[in-house]
Number of protein chains: 4
Amino acid sequence: MVVVMSAEAEEAHIQAVVALVENAGGEAFVSRGVNRTIVGLVGDVEQFGTLNLHALPGVTDVVRISVPYKLVSRENHPDRSVVRVGGVPIGPGTMTLIAGPCAVETPEQTLGAARLAQSAGATLLRGGAFKPRTSPYAFQGLGEKGLRILADVRAETGMPIVTEVVDARDVELVASYADMLQVGTRNMQNFALLQAVGAAGRPVMLKRGMNATIEEWLMAAEYIAQRGNLDIVLCERGIRTFEKATRNTLDISAVPVAQRLSHLPVIVDPSHSGGRRDLVLPLTRAAIAVGADGVIIDVHPHPESALCDGPQALVDGDVRELAATVRDLPPVVGRTLTQV
Amino acid sequence: MVVVMSAEAEEAHIQAVVALVENAGGEAFVSRGVNRTIVGLVGDVEQFGTLNLHALPGVTDVVRISVPYKLVSRENHPDRSVVRVGGVPIGPGTMTLIAGPCAVETPEQTLGAARLAQSAGATLLRGGAFKPRTSPYAFQGLGEKGLRILADVRAETGMPIVTEVVDARDVELVASYADMLQVGTRNMQNFALLQAVGAAGRPVMLKRGMNATIEEWLMAAEYIAQRGNLDIVLCERGIRTFEKATRNTLDISAVPVAQRLSHLPVIVDPSHSGGRRDLVLPLTRAAIAVGADGVIIDVHPHPESALCDGPQALVDGDVRELAATVRDLPPVVGRTLTQV
Amino acid sequence: MVVVMSAEAEEAHIQAVVALVENAGGEAFVSRGVNRTIVGLVGDVEQFGTLNLHALPGVTDVVRISVPYKLVSRENHPDRSVVRVGGVPIGPGTMTLIAGPCAVETPEQTLGAARLAQSAGATLLRGGAFKPRTSPYAFQGLGEKGLRILADVRAETGMPIVTEVVDARDVELVASYADMLQVGTRNMQNFALLQAVGAAGRPVMLKRGMNATIEEWLMAAEYIAQRGNLDIVLCERGIRTFEKATRNTLDISAVPVAQRLSHLPVIVDPSHSGGRRDLVLPLTRAAIAVGADGVIIDVHPHPESALCDGPQALVDGDVRELAATVRDLPPVVGRTLTQV
Amino acid sequence: MVVVMSAEAEEAHIQAVVALVENAGGEAFVSRGVNRTIVGLVGDVEQFGTLNLHALPGVTDVVRISVPYKLVSRENHPDRSVVRVGGVPIGPGTMTLIAGPCAVETPEQTLGAARLAQSAGATLLRGGAFKPRTSPYAFQGLGEKGLRILADVRAETGMPIVTEVVDARDVELVASYADMLQVGTRNMQNFALLQAVGAAGRPVMLKRGMNATIEEWLMAAEYIAQRGNLDIVLCERGIRTFEKATRNTLDISAVPVAQRLSHLPVIVDPSHSGGRRDLVLPLTRAAIAVGADGVIIDVHPHPESALCDGPQALVDGDVRELAATVRDLPPVVGRTLTQV
């Protein structure tokens, strides 16, 4: 941390900062400039954060210079991690396709979507049984009935399942069915939920909050990691900006940035980023090319009657084009499509 | 709803839209233009939303023209509501000051803050026992011990208490102590929590999500209202923008906009919007002048040692200036400071 | 400036930074921490900016700690300035109302708007002859003919005029008619225009770019000041955010923030911020209460037939309410309405 | 256009809308719903825009349903265009690499950068002689001297040159040297400049404003097209969001969206989007994969001493990796690197 003193700060103000830091067990280095003085702090940053240095007389600014997360940081764990979901790896060297319906509706629809997903090269099945919906009047998911359908389709297809949990009270139930727990964008700072999935003994896919900085996203991952679970996959799914042509703005740069800051795998959700079917394939190509460790895509056998996000689900010819893309593009960037 | 057909849409495409809507029990009015045709839909909008009209051939856009919330809407409830918290009114005609410490730390600190709050004219005490913190390494609150401190201070001062709940599993516990439950900005779309507070039998203060549109905020309120609780106070606390001089950007326009769309009271949190002590008083003045039904402000007897958000808490001279402001300004805009 | 070294930086990397800074005539203070080292720089920041310290091996970050503007900064000019426009003051202690039509259309409409403006308490007349419009198919203004109309209305009413200039080639022409030159939001970083108005010998109203940080706004003002013109009034007119209920989001906090960073007067444009007539009065009240040195408001005798921004122009009863507001509210915050 | 009437609108209000539209030469179709009525308008949208329908009694909203640009729209020009710059094509089927220094500094540096650019596969040389800089204290470019250096390097290398113009008064001068005129992000709504480059007889590269929607970007292009110049290349260069890990947020989705709305070529600037050297190659890959018609990249023979944006310029090994990328990736997405 660096404490920036104002131009009018007196010597006594500077000494007060030094004394406070030293009393807290830290060290303070004073650099006196012509116009202003700065004090560099060395020691336990979390503790300094409680000192309210901002409030001291003569202090203009307090600048933090180290990252506020540890377990998920690449500083302490230089090699990038591989997370295994029911045996399927997500991480460097491979490109994993996760696909399935936005919401589980019926056994037939879910199995149909799973077969579509497999035909595209997917090795993990996504599908929502508990849906967080902005409107209380929208379809909220089948709940446990949906989880049972997913388990049946897993038995039929061999695909491990990824499904969302929206309530800390449901974590145990969902974890009893799922191979991977998904925390959605609206829950990225639902700290009770983060702690619950951290203790659930299952890999977690943590979607980036639509308004979260990359740093906040990594701090949310740190909440999960603190409970002993480092099997976390980060998922970029678009952020909220002023642009309205797309549902969200896919922050494609977040993939390499997060991979440099953290050792965790980073995947992309091209379906929810754009919210438009015609953007799914171009954004999938961008995600693979930028170096994502995987992509997660909505497919649906009958998108025109989907109960959730039908307008963005792939079907038919688009699925065949997806299959060609995930087969041909990863090798150009030094990866291979994950296969079982 | 209005369905906009593309310039290339054929007559069969138009008729397919009409047929789908009529089968769903709605009416469709076709307006044929020189370049394009639009179809106006009349009937149950929620049901039309499941039809995936976007996905039909020839359809360019589907535009919703009515609001997606009902119980909290002013369309169906033209008079603005008054919400009573332990007997203290929040609503039109009055301006209610809620004040207290960001976090409950000790009995002495909490009582000291409550006395400061009262000296400024506050009739409700705020204070956090459960704190949602971005970093897992930051102080997370005293939990039930904090609630007991708040109850003791209420007994001592007579001030009803407003306190945050961050986990649906804690709602019953918190409601057993609190006069009003606060849902924080990070939980505005934690739908499990919204439903739980909707059923808890206590008034609710719903902070706007820092990335939420006003429409999403009102839909979150609708989740609470659906469970039978219309004692909801909306709290604007700043949104996230590109500007970094302030912690958030206070969206002062949201106050009159939300008051026109909804009958619920709307208050402002000048402390968390700006995140800087020197902005609290100017923003409080702006909030009162724009027509807010109340303000909620951090005060602390010793901000330099506060465990949470000390840099924005008011003390001493600032509290006296706050007292003058909440006494003198409301009458100019046709309100009076709420008194007990 | 502070240079933050990475955890892996070697001693040679640190010494390279020190050497580069000292060769450039600066001083470098090294603070060695347990995990990382920081180097504080003292000297000419602009020169350090050309050193590309970011690009040196071992450097993680370079943090600027002083402001990048000088002439408009309050650090070097602690007293807040008053700018006089045709004799009318804008600055501390007063609250100046500027009003008039968005666009000059006819002599009758302009005179009618000026009379409305005066009836509300305005002492300066605004009106656009050159209009920057997003669409090339929208009304672009009357040009010099509009300037002549403004001059005639000034002669008739005695109100000095504020009008926009959009092209550096027109500055001389516009300055020959206007008492104050307005630089619009889309031109805030049109540096050629800034330099031209800086040399034109007229006070300048600089609107904040809808995407500009406060710091960038002050740097734009610095461009004008560099040409010898310190008669600059800053105008907050809303920034672009994700919220779509209002045309822009009025950043009300920008008023006190800019007043603390700069000695220049700061006014607010409530008409263009909200883009809705029903928000103009509430936002005007917020602006006065937060401490703005003035407000600029669209009025039009016949808004239903206005060629530009009619939906936000005040008329009739709203103008009478505006008059009451600018008379009654400023005294509560220690100001008086500017009068001629 | 669709006019949405309020629930309380009376029949007379509806008829007033109809009459106004019909008087203006349009047609109005009334759709009466249970709760509200909508009126669909057919005719000249620009003219309807001047009617201020918003301001009529009983009107809740006016929704535009057709695009506000014509000449650059793909609706009227279904085939995507190819723009030729000194003989080098930019458009569908090819992927054109434009590279060079951010700013022209010396003949040696410019020639060195051009040679680096050619070694990477570039067929067009970029380089700034007039630089728009946020701070008036930053290097502003060499002006005409820089243009002469560019012309000399073109003679030496055979590369046509792309260079920015920042002032309408300089357009003729810059056009006398340049093969393509660049309009920068801060000038995207400098309408005087747009009109001047529209009349200059040279192809134009129009960078997206950092705060501009895609629709506004296309309207800016329409300003150029209106003056008779359809040789316009759109350049996505990142938008401003809340995320601070990157200088701007590359809106990768804007490429396919703009290509669907407009027939103009769309390229990407990965250097200025990220503002970090380590992101240039990943973002270049994303741009090519998403279907960009070209990329424009900063290279510099000695980035550590660059006078502008050195931290993001590529050199040495990065340039070799860029060469491999632009050679190997385009064929996977059905394009070939443009060659001379």
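Scope of the values below: all heavy atoms of this structure, side chains included, with no hydrogens, waters or symmetry mates.
Closest approach of R208(D) and A254(D) over heavy atoms only: NH1-CB, 3.4 Å. Minimum heavy-atom separation, A245(A) to I214(D): CB-CD1, 4.1 Å.
If you check the side chains of N248(A) and E243(A), you find no donor sitting under 3.5 Å from an acceptor.
Residue L250(A) touches chain D through both its backbone and its side chain, counting heavy-atom pairs closer than 4.5 Å. In this structure, the portion of R240(D) lying under 4.5 Å from any heavy atom of chain A is its backbone and not its side chain. Both the backbone and the side chain of S253(D) have a heavy atom closer than 4.5 Å to some heavy atom of chain A. The contact between T246(D) and chain A is made entirely by side chain atoms (from C-beta outward), counting heavy-atom distances below 4.5 Å. Contact annotation for I239(D): only side-chain heavy atoms (C-beta onward) come within less than 4.5 Å of a heavy atom of chain A. At a 4.5 Å heavy-atom cutoff, the contact between V333(A) and chain D is made by side-chain atoms alone.
Contact of the E236(D) side chain with the W217(D) side chain is registered, since non-hydrogen atoms from C-beta on lie closer than 4.5 Å. Considering only heavy atoms from C-beta on, H300(A) stays 4.5 Å or farther from L314(A) through its side chain. Between I297(D) and I98(D), every side-chain heavy-atom pair lies at or beyond the 4.5 Å cut-off.
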Would M205(D) and R126(D) satisfy side chain to side chain contact (heavy atoms under 4.5 Å, CB included), going step by step from the backbone distance to the final call?
CA-CA 11 Å; M205(D) 178 190 302; R126(D) 63 152 294 167; over 6 Å; no

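R260(D) contributes atom CZ, which lies 6.0 Å from atom CG of L279(A) (distance to the nearest 0.5 angstrom). Residue D316(D) holds its CG atom at 9.5 Å from OG of S119(D), rounded to the nearest 0.5 Å. Separation of atoms NZ (K70(A)) and CD (E222(A)) is listed at 7.5 Å; rounding is to 0.5 Å. Distance check, rounded to the nearest 0.5 Å: CG of L194(A) to CG of N187(A) gives 8.0 Å.
Among residues 317-329 of chain D, the residues having any heavy atom closer than 4.5 Å to a heavy atom of chain A are, in sequence order, D328(D), L329(D). Contacts from residues 262-272 of chain D to chain A, taken as heavy-atom pairs separated by less than 4.5 Å, involve no residues at all.
In terms of heavy-atom pairs under 4.5 Å with chain D, the best-connected choice from V257(A), L283(A), D278(A) is D278(A). With respect to chain D, the highest number of heavy-atom pairs below 4.5 Å among T249(A), N211(A), D251(A) belongs to N211(A).
Contact check on D298(D) versus R277(D) returns no salt bridge, with no Lys/Arg side-chain nitrogen under 4.0 Å from an Asp/Glu carboxylate oxygen. Taking a cutoff of 4.0 Å between a charged side-chain nitrogen and a carboxylate oxygen, R74(D) and D79(D) do not qualify as a salt bridge.
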